[in-house]
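Counting from 1, the numbers follow the sequence of the chain as shown. Since we're looking at a predicted model, the values are computed, not measured. Just so it is clear, the values below take in all heavy atoms, side chains as well, and ignore hydrogens, waters and symmetry mates.
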Amino acid sequence: MAEEQKEVSLGDEKLDVLSVGRVLSSDKLKIPDYQRPYRWQAKDHVRVLLEDIYDAFQKEKSEYRLGTVILHHDKDSENNDLNIVDGQQRMVTLSLLCLALGEVEDDITLARHPFNHSDSQNHIKENYNYIVAWSKMIDVSDKDNFLKFVKTSCSVVVITLDELSEAFQLFDSQ
């Protein structure tokens, strides 16, 4: 399936529907210091996300939408960073899934992010191990197809705002 980008510009705001692979491979994607630690629980949040995605894969859905990600386009940063305001937990978990399925670490921006908080480090390790164990239920011949499905058929609605205060206001109102 060829990736189709759907973009709507609303003044300083931009709305995109992007594949998970495209979002995760952006070299501008960052988790800012003000974000809370990564704390998703393996047997709760991670399990549900994995089961939802795998169910969509088995049903051969052409696209599976995984919610919204709110980004702040930090034009004052050195690289015009796209800071995650909302969606960090989901995007980190999707990164771990891609890595567990065999994706190269260099292709996943968040895999290179320095998670300095001990809660983040512990949950990342626990969840990665959980995902590796969970992925063993997938037939070996399906793993590559499942990874491709996650990267190309799973998508998120990405809202990018230039003003941090607007990004926070949108996050608070959801």
Side-chain angles (χ1 to χ4, degrees), residues 1-40 44-46 48-57 59-99 101 103-104 106-113 115 120 124 127 131 145-174:
M1 174 177 142
E3 180 178 336
E4 181 181 327
Q5 178 181 348
K6 303 162 191 142
E7 179 180 319
V8 177
S9 183
L10 306 167
D12 291 337
E13 303 170 14
K14 191 166 76 170
L15 176 86
D16 297 308
V17 177
L18 301 175
S19 71
V20 165
R22 181 150 182 199
V23 175
L24 292 179
S25 67
S26 171
D27 61 347
K28 296 182 182 309
L29 191 65
K30 303 286 186 244
I31 299 174
D33 292 336
Y34 57 76
Q35 270 290 4
R36 66 189 172 124
Y38 174 73
R39 289 196 172 125
W40 264 22
D44 294 323
H45 310 100
V46 175
V48 170
L49 180 64
L50 295 175
E51 289 174 357
D52 286 349
I53 295 171
Y54 194 67
D55 183 59
F57 170 71
K59 291 178 179 173
E60 299 180 2
K61 293 192 176 216
S62 61
E63 183 176 19
Y64 188 64
R65 192 81 30 90
L66 295 171
T68 302
V69 175
I70 300 173
L71 303 176
H72 166 240
H73 183 197
D74 186 357
K75 293 181 178 179
D76 295 331
S77 65
E78 186 176 315
N79 297 319
N80 279 317
D81 294 339
L82 294 170
N83 292 322
I84 300 175
V85 175
D86 186 39
Q88 174 210 179
Q89 308 289 314
R90 191 171 347 114
M91 298 313 294
V92 170
T93 304
L94 290 166
S95 296
L96 296 174
L97 174 59
C98 289
L99 293 171
L101 293 171
E103 183 61 71
V104 179
D106 288 345
D107 293 340
I108 304 290
T109 300
L110 296 181
R112 300 185 304 269
H113 180 78
F115 291 92
S120 294
I124 285 170
N127 291 345
I131 293 167
N145 289 331
F146 184 54
L147 175 60
K148 182 179 178 183
F149 177 82
V150 171
K151 290 175 57 183
T152 62
S153 296
C154 291
S155 62
V156 290
V157 176
V158 178
I159 301 171
T160 307
L161 297 127
D162 290 336
E163 294 296 325
L164 184 58
S165 61
E166 289 177 9
F168 279 127
Q169 186 275 325
L170 180 60
F171 168 74
D172 286 339
S173 69
Q174 282 200 39

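Taken to the nearest 0.5 Å, the CG atom of L24 stands 9.0 Å off from the CG atom of L99. From I159, atom CD1 reaches atom CG of L15 across 5.5 Å, with rounding to the nearest 0.5 Å. Taking OG1 of T68 as the reference point, atom CG of D86 lies at 8.0 Å (rounded to 0.5 Å). Residue S95 holds its OG atom at 10.0 Å from CZ of R112, rounded to the nearest 0.5 Å. Between the CG atom in L71 and the CE atom in M91 there is a gap of 8.5 Å [rounded to 0.5 Å].
Using a 4.5 Å heavy-atom cutoff, the side chains of L82 and H72 are not in contact. Side-chain contact between V48 and D44 is absent, with no heavy atoms from C-beta onward closer than 4.5 Å. Side-chain atoms of I53 and C154, non-hydrogen and from C-beta on, do get closer than 4.5 Å to each other. Side-chain atoms of V46 and I131, non-hydrogen and from C-beta on, do get closer than 4.5 Å to each other. With contacts defined as side-chain heavy-atom distances shorter than 4.5 Å, the pair V69/V157 does not qualify. Side-chain contact between K14 and D16: present, with at least one pair of heavy atoms (C-beta onward) separated by less than 4.5 Å. You'll find the side chain of L18 stays beyond 4.5 Å of the side chain of S155, heavy atoms only. Within the 4.5 Å cutoff, the side chain of I84 has heavy atoms near those of the L110 side chain.
Listed by chain and number, the residues in a ring pair (Phe, Tyr, Trp, His ring centres under 6.0 Å) with F149 are F57 (sequence neighbours excluded). R36 pairs by the side-chain hydrogen bond (donor to acceptor under 3.5 Å, both in side chains) definition with nothing, not counting sequence neighbours. Residues satisfying the side-chain contact (heavy atoms from CB on, under 4.5 Å) criterion with N79, sequence neighbours excluded, are D81. Under the side-chain contact (heavy atoms from CB on, under 4.5 Å) criterion, D107 pairs with E103, V104, sequence neighbours left out. Among residues two or more places apart in sequence or in another chain, the side-chain hydrogen bond (donor to acceptor under 3.5 Å, both in side chains) test is passed with T93 by Y38.
Under the 3.5 Å distance criterion, the side-chain polar atoms of Q89 are matched with a main-chain donor or acceptor of R39. Between the side chain of R90 and the backbone N or O of L66 there is at least one donor-acceptor pair closer than 3.5 Å. Under a 3.5 Å cut-off, the side chain of S25 and the backbone N or O of I108 do not form any donor-acceptor pair. Checked by atom type and distance alone, the side chain of S26 never pairs as donor or acceptor with a backbone atom of V23 at under 3.5 Å. Under a 3.5 Å cut-off, the side chain of N127 and the backbone N or O of W40 do form a donor-acceptor pair.
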Handout entry: side-chain contact (heavy atoms from CB on, under 4.5 Å) evaluation trace for K151 with C98
Key = CA-CA 8 Å; K151 290 175 57 183; C98 289; 4.0 Å; yes
Problem - Residue pair I31, H113: steps toward the side-chain contact (heavy atoms from CB on, under 4.5 Å) verdict - result: CA-CA 8 Å; I31 299 174; H113 180 78; 3.6 Å; yes
Exercise for the section: Show your reasoning for whether side-chain contact (heavy atoms from CB on, under 4.5 Å) applies to L97 and V150. Expected result: CA-CA 9 Å; L97 174 59; V150 171; 3.8 Å; yes
Problem - Verdict with supporting geometry, V158 and V17, side-chain contact (heavy atoms from CB on, under 4.5 Å) - result: CA-CA 6 Å; V158 178; V17 177; over 6 Å; no
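Ring planes of Y54 and F146: perpendicular class, angle over 60° (limits at 30 and 60°).
Closest of all the heavy-atom pairs between D52 and Y64 is CB-OH, 3.5 Å.
Between E63 and R65 there is a salt bridge, since at least one side-chain N of the basic residue sits less than 4.0 Å from a carboxylate O of the acidic one.
Within 6.0 Å of NZ in K28 there are more than 12 heavy atoms belonging to other residues, nucleotides or ligands. The environment of N80 atom CG is dense: over 12 non-hydrogen atoms of other residues, nucleotides or ligands sit within 6.0 angstrom.
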